[in-house]
K.L.:
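Quick one: this structure, given as structure tokens, is what I'll be asking you about.
Treat the numbers as computed from the prediction; the structure is a model and nothing was measured. Along the sequence shown, the residues carry numbers beginning at 1.
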Amino acid sequence: MAEREGKASVTNGSGDPEPVEGERDTPATPSTVDGQLDLNTETPPTPELGAGPEDEEDTDSMEGCGHYSLTEEGERGSEGGRERRVKEREGRKRRRGQERHDSSSSDDEDEEREQEEEEEAAAEEEADGEGEEDEQAMEAWLGAELQELGGPAWRAVPSLRARETGRAAQFVRRACGARGLVQRLELQGRLERHTGCVNTLHFNPSGTRLASGSDDLRIIIWDWARRRAQLEFHSGHKSNVFQAKFLPHSGDSTLAMCARDGQIRVAELSATQRCKNTKRVAQHKGAAHKLALEPDSPCSFLSAGEDAVVFGIDLRLERPATKLVLVKEGDKKVGLYTIFVNPANTHHFAVGGRDQFIRIYDQRQINESENNGHDGTELLASYNDEDIYLFNAQQSDGAEYYRRYKGHRNNATVKGVNFFGPCSEFVVSGSDCGHIYLWDKKSAHIVQYMEADKGGVVNCLEPHPHLPGLATSGLDHDVKLWAPTAQTPTALKGLNEVMKKNKRERDEDGVRHGDQYDTQLLWFLMRHMTHRRMQRSRRGEGGGGDGDTDESWSSADSSEEEETGTDHLQCMSS
């Protein structure tokens, strides 16, 4: 497979330090796949739950359909298809026999017809055999590397009884990580106001507000529980907004943003529900896809760009942006698509981008020639048109994955991957097929999948910080809210066939597009083709929204160009 640009979505499970640089072991997967990196960290793996009365048998455990078969539907489908083809052949034989009986054809013509029928039957038998082999190979691939899906770690009735008697101090924490609730996730509502694809979602620390950013260049702050927009303003960006995040401990008054135009901007929000201004604090010489927040800092964060630069940004400084590292592999710059700070040790951060490696740094020991560093306990990486891999960052070399999550497809756009649950019990990702997938982290079994975007691609998944729900977005222009309110667990109907379809399309595209153009070249050509049309459109709009300003805090390491001609494109693959 030819090397393509990497989009790695990396999620970093917080906990104990200290490994070295993590690299994906290429022999285990197709060589030089993209690394689409979206780092998210959660708490350490789930401890053993259920000592005492919560281990009692409970017919109302909310774990009724935790198991499913990867082969059952596929086998029924393939066997039914073979039976149908056999019946069709027999029917054709009967019809032709009747035609021969009714006609006055010669013996030679009859022999020719019989020979044709035998050749046709032999060809169909051979096709059936090849199809059966392909089906068996697909089933074997889907079932490989799965661990046994254990029994329920949380039961509703015993847990409620223990809470009533004061013996369940961590009731909410355990309930939010319960498989029974995850299997009952369903669509609760939609937030509709954007006029472009929604690329970013972020809850404030208390979980009461949700920020969304879009290709329409606007930011909306939602009162998501009441399904209404509290604040809407122009971001100040000139191209697709890729991320917008509340800075912690800022009273929800500071929002950091990045976009395809490479700018890193900060919006100052007032208590009266208005945006006072937005300011540019750094400039990448390429698209900036992700920001990484420091969990305890209201004024410091990191940014990563396709120019291979990581900026450290401190809003207390006159020149906020400082270049921390220029990521290279040998003499070649590595464009970056994601970055995440380890919440257990904020000196540590991980990046990923246009190659197969996940690089982990310690800000106190950065050496650009060695790309060295440390991180927390687990690292979750989603590779371009490949699977999701879980790395144990405490291993000596950090290169061997120990879990692999299959079934989705990650090719059309940059997609996030996240841990889900208070103790990172699950892995959640969107897919090109328009579904949301949730895997049990330990066993790698899919325990929930839900159809989300009619546009066909789910990019962004944002778990609520305290409740067992999440917000998602993609090519559709709305935000979708999910909560565990279904009366019965999802039956996973059709999952097997969707997983097989994703795998077949991935394999076919890998062969068909092995020598495809670099997506950056395609983006460059499309940008210039649409340049004049987009300029005319912007002139007609008559400028930006309230509170925007061109004032910027320059950086010695930032580009001095303002890139006034940058266009915003709809949902281009990065």
K.L.:
Please list, chain by chain and in numerical order, all residues satisfying side chain to side chain contact (heavy atoms under 4.5 Å, CB included) with Pro248, sequence neighbours excluded.
P.N.:
Leu293
K.L.:
How many angstroms lie between atom NZ of Lys442 and atom OH of Tyr402, to the nearest 0.5 angstrom?
P.N.:
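One gets 10.0 Å once the value is rounded to the nearest 0.5 Å.
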K.L.:
Is there a side chain to side chain contact (heavy atoms under 4.5 Å, CB included) between Phe420 and Val427? Walk through the geometry before answering.
P.N.:
CA-CA 6 Å; Phe420 185 81; Val427 172; over 6 Å; no
K.L.:
Could you list the residues that satisfy side chain to side chain contact (heavy atoms under 4.5 Å, CB included) with Ala486, not counting sequence neighbours?
P.N.:
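Counting only residues at least two positions away or on another chain, Ala486 forms a side chain to side chain contact (heavy atoms under 4.5 Å, CB included) with Arg184, Glu186.
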K.L.:
Using side chain to side chain contact (heavy atoms under 4.5 Å, CB included) as the criterion, list what pairs up with Ala471, not counting sequence neighbours.
P.N.:
Leu201, Phe203, Leu210, Val479, Leu481
K.L.:
Mind checking the OG1-CD1 spacing from Thr472 to Ile436? Nearest 0.5 Å is all I need.
P.N.:
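Going from OG1 on Thr472 over to CD1 on Ile436, the span is 4.0 Å.
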K.L.:
Is a side-chain N or O of Tyr449 found less than 3.5 angstrom from the main chain of His435, in a donor-acceptor match?
P.N.:
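Not confirmed, Tyr449 side chain does not pair with His435 backbone.
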K.L.:
Looking at Ala287 and Phe242, what are the two nearest heavy atoms and their distance?
P.N.:
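Distance-wise, the nearest heavy atoms are CB-CE1, 4.2 Å.
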K.L.:
Of all the heavy-atom pairs spanning His466 and His464, show the shortest one and how long it is.
P.N.:
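Smallest interatomic distance, heavy atoms only, reads N-ND1, 3.0 Å.
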K.L.:
Between Lys245 and Glu462, does any side-chain N to carboxylate O distance fall below 4.0 Å?
P.N.:
no
K.L.:
Test your reading of the model: is there a side-chain donor-acceptor pair from Tyr401 to the backbone of Leu380, 3.5 Å cut-off?
P.N.:
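Looks like no, no N/O pair under 3.5 Å.
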K.L.:
Quick one: list whatever passes side chain to side chain donor-acceptor pair (under 3.5 Å) with Ser303, sequence neighbours left out.
P.N.:
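By the side chain to side chain donor-acceptor pair (under 3.5 Å) rule, Ser303 matches His284.
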K.L.:
My understanding is that only residues two or more places apart in sequence, or in another chain, count here; which of them pass side chain to side chain contact (heavy atoms under 4.5 Å, CB included) with Gln363?
P.N.:
Glu294, Leu302, Leu324, Phe349
K.L.:
Can you see which heavy atom on Asp307 is nearest to which on Leu326, and at what distance?
P.N.:
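Where Asp307 meets Leu326 most closely, the heavy atoms are O-CD1, 3.6 Å.
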K.L.:
What pairs with Ser429 under side chain to side chain donor-acceptor pair (under 3.5 Å), at least two apart in sequence or on another chain?
P.N.:
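Checked Ser429 against side chain to side chain donor-acceptor pair (under 3.5 Å); zero matches.
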K.L.:
Any idea which heavy atoms bring Phe246 and Ala211 closest together, and the distance?
P.N.:
CE1-CB, 3.6 Å
K.L.:
Applying salt bridge (Lys or Arg N to Asp or Glu O under 4.0 Å), name anything that partners Asp476, two or more places apart in sequence or on another chain.
P.N.:
Lys480
K.L.:
How many angstroms lie between NZ in Lys406 and CD1 in Ile388, if you round to the nearest 0.5 Å?
P.N.:
12.5 Å
K.L.:
Rounded to the nearest 0.5 Å, what separates atom CD in Glu386 from atom CZ in Arg506?
P.N.:
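These two atoms lie 5.0 Å from each other.
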K.L.:
Run the numbers on Lys332 and Asp355 for side chain to side chain contact (heavy atoms under 4.5 Å, CB included), then give the verdict.
P.N.:
CA-CA 11 Å; Lys332 183 181 178 182; Asp355 66 6; over 6 Å; no
K.L.:
Are Ile339 and Tyr361 packed together at the side-chain level, in the sense that at least one heavy-atom pair is separated by less than 4.5 angstrom?
P.N.:
no
K.L.:
Please determine, by modelled atom types, if Asn502 and Tyr437 share a side-chain donor-acceptor pair under 3.5 angstrom.
P.N.:
yes
K.L.:
Within this structure, what is the CD-NZ distance for the pair Glu306 and Lys285, rounded to the nearest 0.5 Å?
P.N.:
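Between Glu306 CD and Lys285 NZ, I get 15.0 Å after rounding to 0.5 Å.
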K.L.:
Give a yes or no answer on whether the side chain of Ser382 reaches the backbone of Val417 with a donor-acceptor pair at less than 3.5 Å.
P.N.:
no
K.L.:
Please step through side chain to side chain contact (heavy atoms under 4.5 Å, CB included) for the pair His408 and Trp439, ending with a clear verdict.
P.N.:
CA-CA 11 Å; His408 80 314; Trp439 293 264; 4.1 Å; yes
K.L.:
Answer yes or no: is there a donor N or O on one side and an acceptor on the other, between the side chain of Ser300 and the main chain of Asp314, under 3.5 Å?
P.N.:
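Checking the backbone N and O of Asp314 against the side chain of Ser300, no donor-acceptor pair under 3.5 Å is found.
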K.L.:
Apply the test side chain to side chain contact (heavy atoms under 4.5 Å, CB included) to residues Phe301 and Ile264: give CA-CA distance (whole Å), side-chain angles for both, the deciding distance (0.1 Å), then the verdict.
P.N.:
CA-CA 11 Å; Phe301 59 95; Ile264 310 301; 3.7 Å; yes
K.L.:
For Phe391 and Ala381, which heavy atoms make the closest approach, and how far apart are they?
P.N.:
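Shortest heavy-atom contact: CE1-CB, 3.9 Å.
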K.L.:
Does the pair Glu425/Arg173 count as a salt bridge with the N-to-O cut at 4.0 Å?
P.N.:
no
K.L.:
Check for a donor-acceptor pair, side chain of Asn418 on one end and backbone N or O of Leu461 on the other, with a separation under 3.5 Å.
P.N.:
yes
K.L.:
CG/Leu470 to CG/Leu438 distance, rounded to the nearest 0.5 angstrom?
P.N.:
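These two atoms lie 7.0 Å from each other.
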K.L.:
Determine yes or no for a side-chain-to-main-chain donor-acceptor pair under 3.5 angstrom, with Gln283 supplying the side chain and Asp261 the backbone.
P.N.:
yes
K.L.:
Would you call Glu497 and Lys501 a salt bridge, taking side-chain N to carboxylate O under 4.0 Å as the test?
P.N.:
no
K.L.:
Distance-only, no hydrogens or angles: does the His445 side chain make a donor-acceptor pair with backbone N or O of Gln147 under 3.5 Å?
P.N.:
yes
K.L.:
Can you confirm whether Leu379 sits close enough to Ile360 that some side-chain heavy atom of one is under 4.5 Å from a side-chain heavy atom of the other?
P.N.:
yes
K.L.:
Measure from the side-chain N and O atoms of Tyr405 to the backbone N and O of Val428, and report whether any donor-acceptor pair falls under 3.5 Å.
P.N.:
no
K.L.:
Does CD belonging to Gln136 count more than 12 external heavy atoms closer than 6.0 Å?
P.N.:
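Counting neighbours around CD of Gln136, more than 12 heavy atoms of other residues, nucleotides or ligands fall under 6.0 Å, so yes.
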K.L.:
Just jot down the salt bridge (Lys or Arg N to Asp or Glu O under 4.0 Å) partners of Lys503, sequence neighbours excluded, or say none.
P.N.:
Asp507
K.L.:
Could you tell me which residues satisfy side chain to side chain donor-acceptor pair (under 3.5 Å) with Asn204, sequence neighbours excluded, listed by chain and number?
P.N.:
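Ser206, Thr208, Asp252.
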K.L.:
With no hydrogens and no angle check, do the side chains of Asn199 and Asn459 hold a donor and an acceptor under 3.5 Å apart?
P.N.:
no
K.L.:
What I want to find out is whether Glu139 reaches Lys500 closely enough, with some N-O distance under 4.0 Å, to be called a salt bridge.
P.N.:
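Lys500 and Glu139: salt-bridged.
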K.L.:
Minimum heavy-atom separation for Pro295 and Val341, please, with both atom names.
P.N.:
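In this case the closest contact between Pro295 and Val341 is CD-CG1, 4.4 Å.
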K.L.:
Checking the side chain of Gln183 only, and the main-chain atoms of Gln448 only, is there a donor and an acceptor separated by less than 3.5 Å?
P.N.:
no
K.L.:
As a test of understanding, state which of Arg403, Arg404, Arg409 forms a salt bridge (Lys or Arg N to Asp or Glu O under 4.0 Å) with Asp387.
P.N.:
Arg404
K.L.:
Side-chain contact test, heavy atoms from C-beta onward, threshold under 4.5 Å: evaluate it for Arg359 versus Val334 and give yes or no.
P.N.:
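Yes, close enough: below the 4.5 Å cut-off.
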